[in-house]
Each structure stands twice: as structure tokens, then as C-alpha cells.
Amino acid sequence: MMNNTRPDHLPQLKRADFASDFRWGCSTSSYQIEGGANLDGRGESIWDRFCATPGHIRDGSSGAVASDHYHLWPQDLDLARELGTNAYRFSIAWPRIFAEGRGKAPNQKGLDFYSRLVDGMLERGLEPWVTLYHWDLPQTLQEQGGWANRDTIDAFVGYADMVSRHLGDRIQHWITHNEPWCTAFHGNYEGVHAPGLKDFKTALQVSHNVLVSHGRAIPAIRANVANARVGAALSLHPLKAASDSAADVAATARHDGLRNRWFLDPLHGRGYPADVWAILGDSAPMVQEGDLAQIATPTDFLGVNYYFPEIVADAPGVGVMSTRVIETKNVERTAFGWEVSPEGMVTLLERVARDYKPAEIYLTENGSTYDDVVGSDGQIDDQQRRSYLVRHLAATREIVAKGIPVKGYFAWSLLDNFEWAEGYIRRFGLTHVDFQTQQRRLKASGKWYREFLRGDK
Ligand code: IFM
């Protein structure tokens with residue numbers, strides 16, 4: 001395999017290759033970085049509860065302290081500014097606003113924290129991009145059925161209303177949900193994420209209710225925020241059939257149906273894909289009159305989180321969809337085993353633009369994990385992550401050159417953080433975090449991003 005980490009093999013890039021109003025940022029999420037789990041009136045989230053059960057998290061950890069961003073946020077925003085980014089994507093912990101998920105009075109200390117955080121972004125020239133739901137559902141709501149219960153839709157709209165009322169004077173960009181596929185299927189079918197359920201029908205109902213909550217939150221946000229720009233961030237994958245056989249090709253179409261089209265189609269006014277619906281049988285979600293119209297409420301942009309392509313084979317009897325994702329050999333992979341494929345990102349965005357024609361697309365996440373080593377000089381020479389970043393930015397430039405309306409790129413992630421079921425084993429940061437001391441150190445990848453963004457290469 002080609003050594004893709006050698007600087008002379010990497011494409012040459014400069015910020016000036018992109019429009020001057022292109023959004024450059026990093027993404028983070030509340031549970032993964034904040035810590036401060038019991039501070040200032042924050043309620044329990046499904047992730048606090050999930051992590052407490054031995055066996056759920058590979059290293060037995062939790063996000064209780066994480067990167068201690070709850071205390072260290074000024075220094076983290078300084079880092080984002082020093083990188084030269086002009087935008088910053090973060091999420092709000094719902095249980096900090098409503099400890100039990102809903103209520104007339106919000107937790108003022110929670111609102112104040114985010115208010116200070118947003119002011120801190122603006123003071124540093126960082127445009128705030130907020131995500132309302134990045135998986136930390138209040139545990140009380142889970143006890144009432146979680147996202148499978150339609151009442152959670154109302155609770156989410158109340159929460160979105162409260163947050164947008166308080167922060168809408170300073171935040172223009174609103175992302176309702178991060179990766180609804182993961183919320184639904186990792187959390188409720190595979191059981192590898194909170195709340196840890198393993199029920200396909202529940203997962204499908206969750207996916208539907210999450211989508212309805214997205215559509216219903218939009219008018220609330222627009223009512224509170226002048227010039228609001230709203231969208232959702234989907235995790236999408238380009239797919240290839242494992243072979244030319246009719247069975248593998250058909251399996252790939254089925255897999256695409258649930259992985260990609262199950263979310264893209266209803267958000268773009270097409271309802272659920274008929275081919276998938278026909279397979280679901282009794283597992284299909286309960287859809288009420290008006291739901292599909294609400295899901296299709298017009299948005300301003302589509303957020304795409306891109307990490308890796310998938311190779312799909314027919315697998316009779318495997319799950320409801322009878323498909324299997326297979327691992328091919330001789331492919332460059334990250335430490336997570338995810339295939340590195342900048343060209344897959346090009347294929348994916350061409351497809352999304354062609355089939356759905358979103359007015360604007362933002363790459364709301366893209367990044368990689370490797371086994372970082374801190375050298376004796378204290379430096380983290382993460383050439384693989386640097387190479388990954390450079391090549392995905394070159395792919396972004398190619399996508400833009402094709403006339404696809406990609407308007408921004410957010411690297412995942414600003415900091416090493418709590419990587420869900422993998423705990424602290426997987427590091428995605430452009431900045432290294434020593435979880436004993438909370439010391440931050442920019443990795444080689446972060447230094448490259450800084451040079452690229454500041455044009456001082
Ligand atoms: O860390 C996650 C993030 O929370 C959602 N998107 C994928 C990232 C890497 O796994």
C-alpha cells in the first residue's frame with residue numbers, strides 16, 4: 001500500500017483555494033468533552049446511566065470528567081481561535097437545561113454556561129454552530145420510553161424553544177440532531193450506545209420520532225431567531241457491492257435504504273423509501289397523519305458527517321435486511337478499522353447533491369483516530385491523521401470544483417475526548433489531551449490545520 005503519510009505524496013492546498021466565506025471549524029459534543037456531570041444542576045443523562053454498567057464502555061470509563069471543558073472552555077476556545085478557524089460546532093447537554101427533560105423553568109445555571117460559552121466564541125471571532133441533540137437524552141425521559149415515546153418529541157420542542165429563546169440573539173446556525181441513524185440503531189438495536197436496547201422495532205420508532213422532532217423544532221427555532229439557519233447532521237456512507245452478483249448489488253441497495261435513504265428521503269419530502277418499508281413488515285414505525293409533512297419542513301442546509309465507505313454483501317438471514325458489511329483486505333484503515341477513502345467522500349457528496357439537491361451542504365464532521373504517541377520531546381507526530389486531513393480537504397476542494405454547494409468543513413475533533421463505547425481508547429483530536437493532567441498539546445495534524453488556515457506555511 002502507498003505510504004500516504006509522506007508530505008511529498010500529499011496534495012498541495014491553500015485556504016485561498018476555497019471561497020473567502022467558507023466555514024472552517026472543528027466539531028465537539030457536550031458529553032464527549034464537558035465533564036462537570038454533577039455540576040450546577042445538570043441532570044442525569046442516558047450516557048451517565050449507560051456508562052455505569054460494567055461492560056458497556058471498553059475501558060470502563062465515562063464522560064463524568066472527560067476533557068473537563070466545563071472548566072477549561074476559555075482555553076479550548078483560544079485553541080480554536082489560534083487554529084485560525086472561523087466557526088465552532090458544539091452541542092448543548094439537554095440535562096443541563098432541563099434536568100428531567102422538560103419543565104416550565106429551565107436550569108438557569110445551565111443556560112448561563114452556554115451563554116458564556118457562546119459569548120466566548122463571538123469574542124474570538126468564532127461563529128457558533130450549535131447542535132441541540134448529540135445523544136445525551138435526560139435519563140428521566142428514557143424512563144418514560146425515551147425517543148420511542150412520542151412525548152419525547154414534545155419535550156424536545158420545548159427544549160429547542162427554550163434554548164433558542166435564550167441564545168438565539170447570538171446563534172444563527174442550528175443543527176437539530178446529530179446522526180439520527182446512530183441515535184436509533186446504535187442505541188436501540190445494536191445496544192452499543194445508550195440506552196443500550198436491542199430491539200429493531202424500537203429503533204425504527206426512535207428514528208421516526210427523532211425525525212418528527214427535527215421538523216417540529218424548526219418553527220420554534222425560527223420563531224425565536226431572526227435569520228435562523230437550520231439543518232440536521234446525518235452520518236452518510238458511500239456504498240459498494242462486494243461483487244457484481246445480482247444478490248450483492250440488491251443487498252447494497254437495501255443497505256443504502258436503511259443507512260442513507262431512510263433519513264434523506266423523508267427529510268427531502270419523499271416519505272420513507274418504499275423498498276425498505278416493504279421489508280420491515282411489523283417492525284415499521286407508527287406514522288401519524290402530518291408526520292411526513294413535518295419531517296420535510298424546509299431547512300437551510302444539510303450537515304454531512306463523513307467517515308468511511310462500506311462494502312456490502314448479501315447475507316440471507318442476517319438481520320431483517322439480510323445484508324452484511326464486509327472488510328476487504330489491503331485497504332488503508334484508521335485505528336478504528338474504518339477505511340480511509342477521500343474519494344468516497346467525493347462519490348457520496350456527488351450522489352447527495354444529484355439526488356436531493358440541498359441548497360447548501362456543510363461537512364459537519366470528518367476525522368480519524370490513530371494510536372497517538374507522545375514523543376520524549378512532548379510532541380505528537382500524528383502523520384497519519386495529518387495525511388487524512390490533507391487528503392479529505394483536497395477531496396473537499398474537488399467537490400466544490402464540481403459545483404457541489406459545500407460551504408464549510410468542520411474537523412472532528414478539536415480535542416481528544418470520550419469516544420462513546422470506546423471510552424478514552426480512541427483519540428480523534430487535533431489537540432492531544434492528557435486525561436491525567438488535562439494538559440492540551442496541538443498535534444502535528446493540528447499544526448498543519450493551523451498553517452493551512454492561517455496561510456503561514
Ligand atoms: O465521536 C463521534 C461523534 O460523536 C459522532 N460522529 C462520529 C464521531 C467519531 O466516532
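Order of appearance sets the numbers: ligands from 1, and atoms from 1 within every ligand.
No option in Asp382, Thr334, Asn366 other than Asn366 meets the side-chain hydrogen bond (donor to acceptor under 3.5 Å, both in side chains) test with Tyr388.
Every atom of ligand 1 is numbered from 1 in the order shown, and the set under 4.0 Å from a heavy atom of Glu179 is 5 (C), 6 (N), 7 (C). Of all atoms in ligand 1, numbered sequentially from 1 with element shown, those under 4.0 Å from a heavy atom of Trp420 are 1 (O), 2 (C), 3 (C), 4 (O).
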>> salt bridge (charged side-chain N to carboxylate O under 4.0 Å, His left out), that's the test. Do Arg58 and Glu422 meet it? Break it down for me.
In response: CA-CA 5 Å; Arg58 259 182 83 193; Glu422 299 284 309; 2.6 Å; yes
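Among Tyr31, Phe428, Tyr307, Phe418, the residue whose heavy atom sits closest to atom 8 (C) of ligand 1 is Tyr307. In this comparison of Glu419, His186, Glu365, the heavy atom closest to atom 10 (O) of ligand 1 sits on Glu419.
At least one N or O atom of Gln32 sits closer than 3.5 Å to an N or O atom of ligand 1. Polar contact check, Asn305 against ligand 1: no nitrogen or oxygen pair lies under 3.5 Å apart. The shortest N or O to N or O distance between Trp338 and ligand 1 is not under 3.5 Å.
At least one heavy atom of His134 sits closer than 4.0 Å to an atom of ligand 1.
Contact annotation for Asn178 and ligand 1: only side-chain heavy atoms (C-beta onward) come within less than 4.0 Å of the ligand.
Heavy-atom contacts from other residues, nucleotides or ligands closer than 6.0 Å to CG of Asp40 number more than 12. In the displayed structure, Glu100 atom CD is contacted under 6.0 Å by at most 12 heavy atoms of other residues, nucleotides or ligands. Heavy atoms of other residues, nucleotides or ligands lying less than 6.0 angstrom from CZ of Arg124 number more than 12.
In this structure, Phe113 has its ring center under 6.0 Å from that of Tyr70. Taking the six-membered ring for Trp, Tyr159 and Phe98 have ring centres at least 6.0 Å apart.
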